[in-house]
Amino acid sequence: MKVQYQDNQRMGVVVYDFNHKTASDEDIEDVKQLIYEYKIVVIKEQDLSPDEYCDFGYRLGEVEKYYQPMYHHPEREEIFVSSNVAENGQQVGVPKTGKFWHADYAFMARPFAFSMVYPQILPSKERGTYFINMSKVYQSLPDDLKAIANQSSCCHSVRRFFKIRPQDVYRPISEILDEIERVTPPVKHPTTFIHPITGETILYVTEGFTYRIDDLEGKPRDINVLQNLLTHSGQLDKTFQYPLIEHHEFELGDVRIWDNRSLVHCAHYASNSEPAVTFRLTLHDNYPFYQL
Ligand code: 7UC
Ligand code: FE
């Protein structure tokens with residue numbers, strides 16, 4: 001494999017000549033280290049069937065399927081399908097997923113170490129994802145806010161971005177809301193944690209899922225503290241101009257893998273509803289998500 005490093009301040013490396021079938025265990029380890037260090041790795045010129053894509057995922061880590069079957073690929077349940085294209089008149093996967101700032105599975109007890117996406121159909125423009133490195137955000141915080149964040153935990157829930165399923169039509173909204181709380185009760189994570197591999201401190205708040213910040217006794221803090229942290233991160237900037245926001249474009253053949261501990265992301269969709277399909281895999285590694 002050939003690694004192309006960026007010569008600007010942007011995150012990520014680009015990898016050419018990589019084939020998961022012939023890659024050695026050392027190559028795989030190298031790719032993982034590149035993800036931890038550079039946060040985003042784009043593997044170029046991939047042409048993979050759903051089975052091959054999953055095989056690639058299993059080489060990198062412990063693949064976990066999404067908790068809701070509505071997102072699953074018909075042949076491989078591990079693949080989360082984001083799609084606005086009907087196949088034989090049948091919706092496959094879910095349209096416009098992840099169009100809000102979040103980290104994958106931040107609302108679950110054990111979020112993913114890595115997320116990977118492999119676009120299948122791309123719109124002609126506006127094809128990419130916004131990312132923010134939350135360890136950079138932590139470093140940029142004023143000292144008093146750092147101290148408060150370090151002595152806090154946050155509550156996260158999927159409730160605001162739970163997608164209504166076809167079978168939910170005509171159900172009372174209260175029943176659906178109760179189901180969300182039962183199936184995915186809120187989880188608590190430390191507001192900052194140390195990345196188990198890089199040792200960086202990460203500010204773990206997302207606009208989409210984080211709804212409360214508590215002190216170490218579990219007493220709610222002023223909600224403005226959370227708003228402040230989100231503002232510092234750039235996640236409240238509706239123009240996406242904030243300096244730590246990076247837009248990363250896709251090309252067909254790219255498999256993009258990122259460090260889901262360090263980064264928050266926000267999917268970007270073409271405003272003209274052109275067809276767009278991506279296949280996502282989510283993985284755990286051999287480390288705890290964070291050290292306590
Ligand atoms: O439909 C979606 O945007 C999925 C979202 C609620 N969860 C993605 C994840 O893995 O956290
Ligand atoms: Fe996501």
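FYI, side chains are in, hydrogens and waters are out, and symmetry mates aren't considered; it's all heavy atoms of this structure. Position 1 is the first residue of the sequence; numbering continues from there.
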Checklist outcome for this item: Between Ala106 and Pro111, the two heavy atoms sitting closest are CA-CG, 4.2 Å

Item to check | Nearest heavy-atom neighbours spanning Lys163 and Val94 | outcome: CG-CG1, 4.2 Å

Checklist entry - Side chains of Gln90 and Asn88: donor-acceptor distance under 3.5 Å anywhere? => result no

Next on the checklist: Could you tell me if the side chain of Tyr16 sits less than 4.5 Å from the side chain of Met1, heavy atoms only?
Outcome noted: no

Checklist entry - Minimum heavy-atom separation for Met11 to Leu263, with atom names? => result SD-CD2, 3.5 Å

Next on the checklist: Assess the residue pair Asn133 and Ser262 against the criterion (side-chain hydrogen bond (donor to acceptor under 3.5 Å, both in side chains)); give the C-alpha distance rounded to whole Å, side-chain angles, the decisive distance to 0.1 Å, and a yes or no.
Outcome noted: CA-CA 6 Å; Asn133 182 341; Ser262 303; 5.0 Å; no

Next on the checklist: Under 4.0 Å between a side-chain nitrogen and a carboxylate oxygen: does that hold for Asp51 and Arg76?
Outcome noted: yes

Checklist entry - Distance only, no hydrogens: is a donor on one side chain within 3.5 Å (strictly under) of an acceptor on the other, for Thr278 and Gln120? => result no

Next on the checklist: On a heavy-atom basis, which atom in Leu230 and which in Glu207 lie closest, and how many Å separate them?
Outcome noted: CD2-N, 3.6 Å

Next on the checklist: Hydrogens and angles aside, do Gln241 and Thr239 bring a side-chain donor and acceptor to less than 3.5 Å of each other?
Outcome noted: no

Next on the checklist: Looking at Phe250, I'd like to know if the NZ or CZ of Arg127 sits under 6.0 Å from its six-membered ring centre while staying within 45 degrees of the ring's axis.
Outcome noted: no

Checklist entry - Does any donor atom in the side chain of Asn150 or Thr192 lie under 3.5 Å from an acceptor atom in the other side chain? => result yes

Checklist entry - Centroid-to-centroid, Trp101 to His265, below 6.0 Å? => result no

Next on the checklist: Can you tell me if Glu175 has over 12 outside heavy atoms packed within less than 6.0 Å of its CD?
Outcome noted: yes

Next on the checklist: Is a donor from one side chain sitting under 3.5 angstrom from an acceptor on the other, for Ser152 and Arg221?
Outcome noted: yes

Checklist entry - Crowded around Asn8 CG? As in, over 12 foreign heavy atoms under 6.0 Å? => result yes

Next on the checklist: Just to verify, what does Phe209 make a ring pair (Phe, Tyr, Trp, His ring centres under 6.0 Å) with, not counting sequence neighbours?
Outcome noted: Phe100, His102, Phe107

Item to check | Parallel, tilted or perpendicular, as decided by the 30° and 60° cut-offs, for the rings of His268 and His247 | outcome: perpendicular

Checklist entry - Between Phe112 and Tyr66, does the ring centroid distance fall short of 6.0 Å? => result no

Checklist entry - If two hydrophobic side chains count as joined below 4.5 Å and joins carry through other members, does Val225 share a cluster with Leu236? => result yes

Item to check | Exceeds 12 heavy-atom contacts within 6.0 angstrom, atom NZ of Lys32 | outcome: yes

Next on the checklist: Pairing donors with acceptors under 3.5 angstrom, does anything connect the side chains of Thr97 and Ser82?
Outcome noted: yes

Next on the checklist: So which atom in Tyr242 and which in Asp237 form the shortest heavy-atom distance, rounded to 0.1 Å?
Outcome noted: N-OD2, 2.7 Å

Item to check | side-chain hydrogen bond (donor to acceptor under 3.5 Å, both in side chains) between His156 and Thr210, intermediate numbers included | outcome: CA-CA 4 Å; His156 309 258; Thr210 315; 3.1 Å; yes

Next on the checklist: Can you confirm whether more than 12 heavy atoms, excluding those of Asn286, are under 6.0 Å from its CG atom?
Outcome noted: no

Checklist entry - Do Gln235 and Thr206 have a side chain donor and acceptor closer than 3.5 Å? => result no

Next on the checklist: With ring-ring contact (aromatic ring centres under 6.0 Å, His included) as the rule and sequence neighbours excluded, what pairs involving residues 21-49 come up?
Outcome noted: Tyr5-Tyr38, Tyr36-Phe114, Tyr36-His195

Checklist entry - Got Cys54 and Leu281 here, is their nearest side-chain heavy-atom distance under 4.5 Å? => result yes

Checklist entry - Once the angle between the rings of Phe279 and His73 is folded into 0 to 90°, is it parallel (under 30°), tilted (30 to 60°) or perpendicular (over 60°)? => result perpendicular

Checklist entry - For Ser157, what residues pass the side-chain contact (heavy atoms from CB on, under 4.5 Å) criterion, not counting sequence neighbours? => result Arg159, Glu181, Tyr211

Checklist entry - Should we count CD of Glu87 as having more than 12 external heavy atoms under 6.0 Å? => result no

Next on the checklist: Ignoring hydrogens and geometry beyond distance, is a side-chain donor-acceptor pair present between Asp104 and Thr282 at under 3.5 Å?
Outcome noted: no

Item to check | Non-hydrogen atoms of Ile245 and Phe240 that approach each other most closely | outcome: CD1-CA, 3.7 Å

